[in-house]
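Beneath this line is the structure, given in structure tokens, with notes to follow.
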2 protein chains.
Amino acid sequence: MARTAGSHSDVTGPRVRAAALRLFAKSGYAAVSMRSIAAEVGVQVGALYNYTPDKQSLLFDLMRSHLEDLLERAGPGEGEAAERLAGFVSFHIRYHHDRQDAVFIAYMELRNLSEENFQVIEGLRRRYEDLLEEILAAGVAEGRFDIADTRIATRAVIAMLTGVSTWFRESGRLTLEDVETQYRKMVLNAVRV
Amino acid sequence: MARTAGSHSDVTGPRVRAAALRLFAKSGYAAVSMRSIAAEVGVQVGALYNYTPDKQSLLFDLMRSHLEDLLERAGPGEGEAAERLAGFVSFHIRYHHDRQDAVFIAYMELRNLSEENFQVIEGLRRRYEDLLEEILAAGVAEGRFDIADTRIATRAVIAMLTGVSTWFRESGRLTLEDVETQYRKMVLNAVRV
DNA sequence: GTCTATACGATGATAGAC
DNA sequence: GTCTATCATCGTATAGAC
């Protein structure tokens, strides 16, 4: 099972993706060159093109796999709407905290997607919003939530939650659990009758 | 008072800024070239450098003047904290709706500022956050708001409000006033005892 | 103040040797 | 699969004529 010297298909691929993720998050897609990605991986530019047809595909694949993973892990939750909503808040904050780079890219680099790729990503994001909207609608049906327009409330909640990753630092004054607790309370109060 | 032919200092300057604003908002700072700004204005590249020492200063000046204008217009409000908070919500949504390009840049292009310029912009942004935090603290002092940490609540509210400009469209299902009304209610509920 | 011309390095992507 | 070399293009910024 000897492998040709210098052949590292199975290990270099993930490393290319990881390097691109890190660099795109740090400096922005447009500001990152294929050369800088290669340098981060420790190969020459040409080698990158064994793993991606071009830079655009690299961005698109990172966004898509992030959103697909997000959708896979975000279950509908169980119990009454209030419990499910509290669960969603905690899930969103924790998941986004654990993958700051991917989250940042998925929200900031939309305009660098080609029109076709943008549509795919928007569809996935929309499906994630639908998960939350369904919870809010269930709460309204239960008579426990008072929401004029569930679509607006959905977006308001997601914007609020996603904002956490722009300022939260592990080294700060508060633990992530403190933050979760306060956000759960604010979100529940915002929609409850 | 005849002016030298081809001399348009007073009109070209603002046009350069306006073009940069529009293009930075549309495509992102890193993706916009000085050539494309010049083309938008209708001059050659070299002419731009009569109005800005470099591209970085163009970005910085746009951000700074936006935030200074924002601070100037956002007054402390009058009356009880609940009224002042409702006023802040409406002000923020309307102001940000009227200047979508500037808002977008001020939130998205922070990482493209030099370290020195970043500090200045962060200071201005922080002063704006302080305006809201003061209102929340007043509400707590009145015994009308129940907030575990006013700094967190401040950031949560601002993230929620700023999110409006990412999805609101004049042509949509709802008027801006509908949106304002619902956000006022959600925000007040989120912090009220 | 604006133009043309240009310096000079960086860019994404490819070809062909190993 | 990776390397080196190369292409054609574009990037910011400047110099000097008008």
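Just so we're on the same page: letters track the sequence lines, and every chain starts at 1. The figures here come from the full heavy-atom set of this structure, side chains too, leaving out hydrogens, waters and symmetry mates.
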What integer distance in Å separates [X]:[atom1] from [N]:[atom2]?
X       : N      : atom1 : atom2 : result
B:Leu58 : D:dT12 : CG    : P     : 11 Å
A:Ile37 : C:dT11 : CD1   : P     : 11 Å
B:Leu59 : D:dT12 : CG    : C1'   : 15 Å

Assess B:Arg111 against B:Tyr29: is NZ or CZ under 6.0 Å from the centre of the six-membered ring, and within 45 degrees of the ring's axis?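 Checked: cation-pi criterion not met.
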Between D:dT2, C:dT2, C:dT4, which one does the side chain of B:Gln44 approach most closely? C:dT4
With the side chain of B:Ala47 defined as its heavy atoms from C-beta on, choose the nearest nucleotide among C:dC3, D:dT2, D:dT12.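 Among C:dC3, D:dT2, D:dT12, the one nearest the side chain of B:Ala47 is C:dC3.
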Are A:Ser90 and A:Glu180 close enough that a side-chain donor and a side-chain acceptor fall under 3.5 Å? yes
Are a donor atom and an acceptor atom from the side chains of A:Tyr49 and A:Asp54 found within less than 3.5 Å of each other?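 Their side chains do not contain a donor-acceptor pair, so the 3.5 Å distance test is not met.
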At under 4.0 Å between heavy atoms, what does B:Val32 touch on the DNA or RNA strands: base, sugar-phosphate, or nothing? sugar-phosphate
Taking side chain as C-beta onward, heavy atoms only, is A:Gln44 less than 4.5 Å from A:Arg35? no
When the ring centroid of B:Tyr107 is compared with that of B:His66, is the distance short of 6.0 Å? no
Taking the six-membered ring for Trp, is the centroid-to-centroid distance between B:Phe88 and B:Tyr128 below 6.0 Å?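 So the answer is yes for these two rings.
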Would a distance-only check, ignoring hydrogens and angles, find a side-chain to backbone donor-acceptor pair under 3.5 Å from B:Gln56 to B:Leu113? no
Check this one for me: any side-chain N or O of A:Ser33 less than 4.0 Å away from OP1 or OP2 of C:dA10?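 No, no such contact exists.
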Using a cut-off of strictly less than 4.0 Å, decide whether B:Thr12 has a side-chain nitrogen or oxygen near OP1 or OP2 of C:dT2.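 Yes, because at least one side-chain N or O of B:Thr12 sits under 4.0 Å from OP1 or OP2 of C:dT2.
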Table of protein N/O atoms under 3.5 Å from nucleotides 13-15 of chain D N/O atoms:
residue: D:dA13; atom: OP2; partner: B:Tyr49; partner atom: OH; Å: 3.1
residue: D:dA13; atom: OP2; partner: B:Lys55; partner atom: N; Å: 3.2

Return the angle between end axes of the helix from C:dG1-D:dC18 to C:dC18-D:dG1, with five pairs used per end and rounding to 10°. 0°
Name the orientation class of the two ring planes belonging to A:Phe168 and A:His97 (parallel below 30°, tilted from 30 to 60°, perpendicular beyond 60°).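 Correct class here is perpendicular.
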Can you list the steps and then say if A:Glu40 with A:Arg15 is a salt bridge (charged side-chain N to carboxylate O under 4.0 Å, His left out)? CA-CA 9 Å; A:Glu40 180 92 352; A:Arg15 283 183 17 102; over 6 Å; no
